[in-house]
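Read the structure below first, then the notes.
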Amino acid sequence: MTQKTTFVPQLIIGHGVTDISFYTEAFGAKELQRWSNDDGSIHVAELEIDGAMFHLHEEVTRNNSISPASASGTTVIVGLMVDDVHAVFDRAVAAGAKAISPVTDYDYRYRQGDVMDPFGHHWLIEKILK
């Protein structure tokens, strides 16, 4: 069977993280698998949002994979296309995200709002308008 090409981002988190419930509460993510360290903290967690897989991976210095907190910022924005931008945006904020910019309808036919998750990852909640 041939593997379909898919985009599976790895979001880097700091050491010692045990609670990733933000992703289930904010985005309805399902945790598929988890690999834990001896202390119970997360080494890797595999999650999916409506069939779209992503990983949370703890920092690894050998390949310079550092969390947004260690980098003092982020170089990636994770776009999440949803049907109800306002509802997902509000759920994310209620679950602990920081609102960066409010949900707005833009002239390029997108409805978008930005949040920063508790681990420093920038999410762009969006929908293409007709």
Side-chain angles (χ1 to χ4, degrees):
M1 185 170 153
T2 303
Q3 171 69 48
K4 181 182 174 189
T5 300
T6 57
F7 186 74
V8 184
Q10 291 199 25
L11 304 180
I12 307 302
I13 57 176
H15 296 287
V17 173
T18 57
D19 182 9
I20 56 171
S21 61
F22 168 80
Y23 298 101
T24 57
E25 293 170 15
F27 305 134
K30 295 178 187 166
E31 186 173 326
L32 303 175
Q33 298 186 72
R34 180 185 291 207
W35 294 268
S36 297
N37 297 310
D38 291 341
D39 65 358
S41 65
I42 296 169
H43 177 63
V44 177
E46 184 176 88
L47 301 102
E48 71 173 8
I49 300 171
D50 197 21
M53 185 186 303
F54 68 102
H55 293 109
L56 299 176
H57 198 297
E58 76 175 327
E59 294 179 315
V60 179
T61 55
R62 74 176 183 279
N63 64 2
N64 203 30
S65 296
I66 59 174
S67 70
S70 293
S72 298
T74 185
T75 62
V76 175
I77 297 173
V78 182
L80 185 62
M81 288 285 186
V82 299
D83 189 53
D84 189 341
V85 175
H86 288 281
V88 174
F89 182 93
D90 291 345
R91 266 198 332 264
V93 171
K98 175 186 169 195
I100 297 172
S101 65
V103 174
T104 304
D105 290 353
Y106 291 96
D107 58 0
Y108 48 85
R109 297 183 18 247
Y110 274 65
R111 175 173 295 146
Q112 299 172 314
D114 298 83
V115 298
M116 185 76 62
D117 77 21
F119 303 102
H121 298 287
H122 184 160
W123 291 78
L124 179 61
I125 315 303
E126 56 189 334
K127 176 181 182 168
I128 300 171
L129 302 172
K130 294 182 178 184

Report task. Could you give me the CA-CA distance, side-chain angles and deciding distance for Leu56 and Tyr23, then say whether side-chain contact (heavy atoms from CB on, under 4.5 Å) is met? Result -> CA-CA 10 Å; Leu56 299 176; Tyr23 298 101; 3.5 Å; yes
Report task. Could you tell me which residues satisfy side chain to side chain donor-acceptor pair (under 3.5 Å) with Asp83, sequence neighbours excluded, listed by chain and number? Result ->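 Lys127.
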Report task. Sequence neighbours left out, what passes side chain to side chain donor-acceptor pair (under 3.5 Å) with Glu58? Give chain and number order. Result ->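 Partners of Glu58 by the side chain to side chain donor-acceptor pair (under 3.5 Å) criterion, ordered by chain and then number, come out as His15, Asn37, His43.
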Considering all heavy atoms of both residues, which atom of [X] and which atom of [Y] are nearest to each other, and what is their separation?
X: Ile49; Y: Ala29; result: CG1-CB, 3.8 Å
X: Gly96; Y: Pro118; result: O-CG, 3.9 Å
X: Ser70; Y: Ile66; result: CB-CB, 4.0 Å

Hey, can you pull the donor-acceptor pairs under 3.5 Å for the side chains in residues 72-79, sequence neighbours left out?
from, atom 1, to, atom 2, distance (Å)
Thr74, OG1, Val76, N, 3.4
Thr74, OG1, Val76, O, 3.3

Residues which pass side chain to side chain contact (heavy atoms under 4.5 Å, CB included) with [X], listed by chain and number, not counting sequence neighbours:
X: Asn63; answer: Val60, Ser65
X: Ala97; answer: Phe22, Ala92, Val115
X: Thr18; answer: Ser41

Query raised in the report: Should the ring pair Phe54 and Trp123 be called parallel, tilted or perpendicular, given that the plane angle runs from 0 to 90° and is split at 30 and 60?
Result: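 The arrangement is perpendicular - the two ring planes meet at more than 60°.
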Do [X] and [Y] belong to the same hydrophobic cluster, where Ile, Leu, Val, Met, Phe, Trp and Tyr are linked whenever their side-chain heavy atoms lie under 4.5 Å apart, directly or via other members?
X: Phe27; Y: Val82; result: yes
X: Phe119; Y: Val93; result: yes
X: Leu32; Y: Val8; result: yes

Report task. List, by chain and then residue number, the residues other than Ile100 in its hydrophobic cluster (Ile/Leu/Val/Met/Phe/Trp/Tyr, side-chain heavy atoms under 4.5 Å); write none if there are no others. Result ->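 In the cluster with Ile100 are Met116.
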Query - Test ring-ring contact (aromatic ring centres under 6.0 Å, His included) applied to His122 - qualifying residues, sequence neighbours left out - result: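 His122 satisfies ring-ring contact (aromatic ring centres under 6.0 Å, His included) with no residue once adjacent residues are dropped.
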Counterpart residues, salt bridge (Lys or Arg N to Asp or Glu O under 4.0 Å), relative to [X] (two or more places apart):
X: Arg111; value: Asp105
X: Glu48; value: none
X: Asp39; value: none

Query raised in the report: Say you draw a straight line from CD of Gln10 to CE of Met53; how long is it, rounded to the nearest 0.5 Å?
Result: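 Rounded to the nearest 0.5 Å, the CD-CE separation comes to 11.0 Å.
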Query raised in the report: Out of curiosity, Leu47 CG to His55 NE2, how far, rounded to the nearest 0.5 Å?
Result: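 NE2 of His55 is found 8.5 Å from CG of Leu47.
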Query raised in the report: Are more than 12 heavy atoms from other residues, nucleotides or ligands located less than 6.0 Å from atom CG of Asp50?
Result: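 Not more than 12 within 6.0 Å, no.
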Query raised in the report: Judged by atom type as modelled, is there a donor-acceptor pair below 3.5 Å linking the side chain of His121 to the main-chain atoms of Ser67?
Result: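 Judged by distance alone, no pair lies under 3.5 Å.
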Query raised in the report: Gln112 and Val85: side-chain contact (heavy atoms from CB on, under 4.5 Å), yes or no, with the steps?
Result: CA-CA 7 Å; Gln112 299 172 314; Val85 175; over 6 Å; no
Query raised in the report: Do any pairs count as a ring-ring contact (aromatic ring centres under 6.0 Å, His included) and have a residue in residues 68-112, sequence neighbours left out, and if so which ones?
Result: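 Residue pairs passing ring-ring contact (aromatic ring centres under 6.0 Å, His included), neighbours aside: Tyr106-Tyr108, Tyr108-Tyr110.
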Report task. Let me see the working for Ile125 and Val103 under side-chain contact (heavy atoms from CB on, under 4.5 Å), right down to the final yes or no. Result -> CA-CA 8 Å; Ile125 315 303; Val103 174; over 6 Å; no
